[in-house]
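Single-structure report; data block below.
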Protein chains: 2
Amino acid sequence: MVKDNTTENQILNAARKVFLTKGLAAARMQEIADEAGINKALLHYYFRSKEKLFDRIFSEVIEKIAAGLQSIFKREMVLLDRLHAIVDVYIDVLLENRYLPLFVLNELNHHPERFSVLVKKHIAKHLRKFLTEIQQEVDAGKINPIHPLHLLLNVLGLIIFPFATIPFVSRISDKQYRPIFDTILQERKQVVKQFIEDAITPKSQII
Amino acid sequence: MVKDNTTENQILNAARKVFLTKGLAAARMQEIADEAGINKALLHYYFRSKEKLFDRIFSEVIEKIAAGLQSIFKREMVLLDRLHAIVDVYIDVLLENRYLPLFVLNELNHHPERFSVLVKKHIAKHLRKFLTEIQQEVDAGKINPIHPLHLLLNVLGLIIFPFATIPFVSRISDKQYRPIFDTILQERKQVVKQFIEDAITPKSQII
DNA sequence: GTCTATAAGTAGATAGAC
DNA sequence: GTCTATCTACTTATAGAC
């Protein structure tokens, strides 16, 4: 959320809010205009078309994700620290932007071509390093045997999934849990780190 | 996918395919008609409106999920077996219906009101039982201390998330992994069960 | 840059023939 | 039941005044 009060930023803030919560297909230019306190014509004056405006927001989001990876992989560390860093960084991102998981998953499903070569390259680089690190730890017997891609999927699932289920869980869960679901999300960092550590640490190292 | 070759079933099969992959907002009645090999007017003759047709498909999906829960919770078993049953049943469901996770998460986000009292009740009942079972095992020291809701989220994330990322992972992952991503999904049952078991089993029981 | 008014296209829904 | 043709409403996008 940019603070500069220019019209362009007002539009971007409004578009971010609407696109993230509703997705491309269900978003309405009128709603974005209302949210920005301007009219539809001005949206087109600044961004030409709905799709171009959406692309701008989508790029922002992907860049935010890539920036997280950059901060995590810029220095060397052992795998467990790397895992903890990933959990900490991304749960912080998600706590501030809870609609992000569903938004990204959706748009990647519906428009995988938006995943441009550039961004793809940025993410793939870190991913490759991460998968290699996992394989090395497995080979060295330092963590329980697991295919690196499986561990990646497990970690991402533990981090991301709860943030995609907020309306779901807050509806179906027992009344006693509903008021504390927000607290639950806050606790995810600690819980996920512990869960992963317990799952990958070999028994031999415990005894 | 119903086999009866009645027009109604042809429509339902087409609608299921289109709604599951595109979601309500992006789905087009024309596309459903084409897919069913009939024309738009006939869709309205059979189901009155797009929304009513969607509701029918959505209900089917929720009922499928509820049926899974029913099969799992109909008999008594220890928590670890229950967890294994949940993993087995739902990964089987997802292997046959890979668009289900994103479809459900989306529609629950966009139209939580569709989660009718009836379905809500069906699911909440089993959920309550499951959460209680977890708490009892924690209290008895049989599994590592964890808030039941966190363990639920962890299990669901491990099961569901990979199936929501199929286009994503198959694009960004290294070439060497792309051809085997299908195999990876097949392996999820075994991997997830092992991962959960390792994570929740107390050290004291290992030594 | 910002607005009002309107064009152009699309999608859901209906009328009516067969 | 099934079709073609059409209506109506909505949505994106543009023209043109200020």
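Within every chain, numbering begins at 1; the chains are lettered A, B, ... in the order of the sequence lines, protein sequences first and strands thereafter.
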For nucleotides 3-6 of chain D, list the nitrogen or oxygen atoms of the protein found under 3.5 Å from its nitrogen or oxygen atoms, one pair per line.
{"from": "D/dC3", "atom 1": "OP2", "to": "B/Asn39", "atom 2": "ND2", "distance (Å)": "2.9"}
{"from": "D/dC3", "atom 1": "O5'", "to": "B/Asn39", "atom 2": "ND2", "distance (Å)": "2.8"}

> Using a cut-off of less than 4.0 Å, is there contact between a side-chain N or O of A/Ser49 and OP1 or OP2 of D/dT12?
Replying inline: no
> D/dT14 P sits how many Å from A/Leu43 CG, rounded?
Replying inline: 13 Å
>> The criterion is side-chain hydrogen bond (donor to acceptor under 3.5 Å, both in side chains); which residues satisfy it with B/His44, sequence neighbours excluded?
In response: none
> Once you round it to whole Å, what is the distance between P of D/dT14 and CE of A/Met29?
Replying inline: 10 Å
> What salt bridge (Lys or Arg N to Asp or Glu O under 4.0 Å) pairs are there with at least one residue in residues 97-110 of chain A, not counting sequence neighbours?
Replying inline: A/Arg98-A/Asp182
> Between atom CZ in A/Phe47 and atom P in C/dG1, what is the gap in whole Å?
Replying inline: 12 Å
> Taking only side-chain nitrogens and oxygens of A/His44, does any of them come within less than 4.0 Å of OP1 or OP2 of D/dT14?
Replying inline: no
> What pairs meet the side chain to side chain donor-acceptor pair (under 3.5 Å) rule with one or both residues in residues 19-29 of chain B, with sequence neighbours excluded?
Replying inline: B/Lys22-B/Glu31
>> Counting only heavy atoms and a strict 4.0 angstrom limit, can you tell me which residues of residues 11-28 of chain B come near DNA chain D?
In response: none
> What residues form a side-chain hydrogen bond (donor to acceptor under 3.5 Å, both in side chains) with A/Glu187, not counting sequence neighbours?
Replying inline: B/His150
> Quick one: side-chain hydrogen bond (donor to acceptor under 3.5 Å, both in side chains) partners of B/Glu8, sequence neighbours excluded?
Replying inline: none
>> Applying ring pair (Phe, Tyr, Trp, His ring centres under 6.0 Å), can you list everything that pairs with A/Phe19, at least two apart in sequence or on another chain?
In response: A/Phe54
>> Applying ring pair (Phe, Tyr, Trp, His ring centres under 6.0 Å), can you list everything that pairs with A/His126, at least two apart in sequence or on another chain?
In response: A/Phe73
> Does a side-chain N-to-carboxylate-O contact under 4.0 Å join A/Glu76 and A/Lys129?
Replying inline: yes
> In whole Å, what is the span from the CG atom of A/Asp34 to the P atom of D/dT12?
Replying inline: 12 Å
>> Could you tell me how far apart A/Glu51 (CD) and D/dA13 (P) are, to the nearest whole angstrom?
In response: 8 Å
> So do B/Leu53 and B/Ile11 actually touch side chain to side chain, heavy atoms under 4.5 Å?
Replying inline: yes
>> Using whole Å, what does the distance between atom C1' of nucleotide C/dG12 and atom CG of B/Asp55 come to?
In response: 16 Å
> Taking OH from A/Tyr45 and P from D/dT14, how many angstroms apart are they, rounded to a whole number?
Replying inline: 14 Å
